[in-house]
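Below, read A as the first sequence line, B as the second, and so on, with proteins coming before strands; counting in each chain starts at 1. What you are looking at is a predicted structure, and each value in this text was computed from that prediction instead of being measured.
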Protein chains: 2
Amino acid sequence: MFYTYRMGTIEKPTHSSTASDTAQQALVHEMLERIADKWTLLVIEELAQAAAELRFTQLSQRIPGVSQKMLTKTLRQLERDGLVTRRVHPVIPPHVDYTLTPRGESLGEAVCGIWLWAEKHGKQVLRSRHAYDNRTRMQPPASSRASYTS
Amino acid sequence: MFYTYRMGTIEKPTHSSTASDTAQQALVHEMLERIADKWTLLVIEELAQAAAELRFTQLSQRIPGVSQKMLTKTLRQLERDGLVTRRVHPVIPPHVDYTLTPRGESLGEAVCGIWLWAEKHGKQVLRSRHAYDNRTRMQPPASSRASYTS
DNA sequence: CTGCATCCTCCAAGATACTG
DNA sequence: CAGTATCTTGGAGGATGCAG
């Protein structure tokens, strides 16, 4: 479990390098934000699924609803982190191919745990939500008599 | 790998129930957004680490920088999804205890994959970023002669 | 075709004040 | 103590126009 890791390696004061620890933590959170943002995971999926180079337009077609601004931005981030490669063919009109790097593929696999969790617990979560909503929706002011301690 | 799952179960037209499939996909993305948001994972960590009930104030103390508004909201979402339990003691002043449910614990464990990925690839990612930034920062207009196809 | 620049809108979330 | 209510703001992200 990651808390064990966190407690053992990051929060224990016995460990010397404090700066890199917070950096690690920040990076974890950053990567979570990345894959959670609207498009990153979809791009990775498409590239992994294609298992081949895809052009900018091909990607935009396979990812419904993405604007080129967001697609560009997403791809730049992925490229910057070394998760995709960007090959520009110097021709006119331009021709740009994107591929997943091994590191990018490994990230896709790492997300699998959450995917499986959602697959396994999805229905229960939805049931909990309905129950919660029913419980709270028709909740009257709830004359909950509190016992004063004074 | 999750793309296999996605291709096999969600995108194949042979599978009949389209509505629940998109719901599944949406739920995956939703859970990713949740755990990626600024506070959810921190709350889960603290509750898991404490392995006991924590009061609202205790949580806010252990999570530096969180406003009560955000903490409240986060806890409500977690409660709605059945990931934490909220026990209100009807006394004055109020006393509210929060605990992780088994489902909540399982989510924490599911995140482990990404945690480990970040631990393993963190340094490489940072190195890629620096390389990328150096490459692009001092990039001149790059008189890249493109060969016209016309 | 690919992608940058600009404008504009909208809402998440912080700050602050108040309450049972 | 554990919240709600209200106000405000930064920035994410869509739409559009332009460029190599």
Check: Is there a donor in the side chain of Thr99(B) and an acceptor in the side chain of Thr85(B), or the other way round, less than 3.5 Å apart?
Finding: yes

With a 4.0 Å limit, can you tell me whether [X] has a side-chain N or O closer than that to the phosphate oxygens OP1/OP2 of [N]?
X: Arg86(A); N: dG3(C); answer: yes
X: Arg76(A); N: dG3(C); answer: yes
X: Arg55(B); N: dA2(D); answer: yes
X: Tyr98(B); N: dG3(D); answer: yes
X: Ser67(B); N: dG14(C); answer: yes

Next item on the list: Looking only at side-chain atoms of Gln68(A), point me to the closest of dG3(C), dG3(D), dA13(C).
Entry: dG3(C)

Just the rounded figure in Å: distance from [atom2] of [N] to [atom1] of [X].
X: Arg34(B); N: dA12(C); atom1: CZ; atom2: C1'; answer: 14 Å
X: Asp37(B); N: dC11(C); atom1: CG; atom2: P; answer: 18 Å
X: His95(A); N: dG3(C); atom1: NE2; atom2: P; answer: 11 Å
X: Lys38(B); N: dA12(D); atom1: NZ; atom2: P; answer: 12 Å
X: Met70(B); N: dA12(C); atom1: CE; atom2: P; answer: 9 Å
X: Glu53(A); N: dC1(C); atom1: CD; atom2: P; answer: 18 Å
X: Glu33(A); N: dA13(C); atom1: CD; atom2: P; answer: 10 Å
X: Leu54(B); N: dC1(D); atom1: CG; atom2: C1'; answer: 15 Å

Note to self: Taking the nucleotide of DNA chain C with the nearest heavy atom to each, does Phe56(A) or Pro94(B) sit closer to the 5' end?
What the structure shows: Phe56(A)

Check: In terms of side-chain geometry, is the basic nitrogen of Arg34(B) or Asp81(B) positioned less than 4.0 Å from the acidic oxygen of its partner?
Finding: yes

Checklist line | Glu30(A) with Arg129(B): basic N within carboxylate O range, under 4.0 Å | finding: yes

Notebook entry, point to check: Hey, what's the ring geometry for His95(B) with His89(B), parallel, tilted or perpendicular (30° and 60° as the breaks)?
Noted result: perpendicular

Check: Can you tell which of Glu79(A), Arg103(A), Arg80(A) makes a side-chain hydrogen bond (donor to acceptor under 3.5 Å, both in side chains) with Ser128(B)?
Finding: Arg103(A)

Notebook entry, point to check: Hey, which of these two, Thr72(B) or Trp39(A), hits DNA chain D nearer its 5' end, going by closest nucleotide?
Noted result: Thr72(B)

Notebook entry, point to check: With a 4.0 Å cut-off on heavy atoms, is Lys69(B) in touch with a base, just the backbone sugar-phosphate, or nothing at all?
Noted result: base

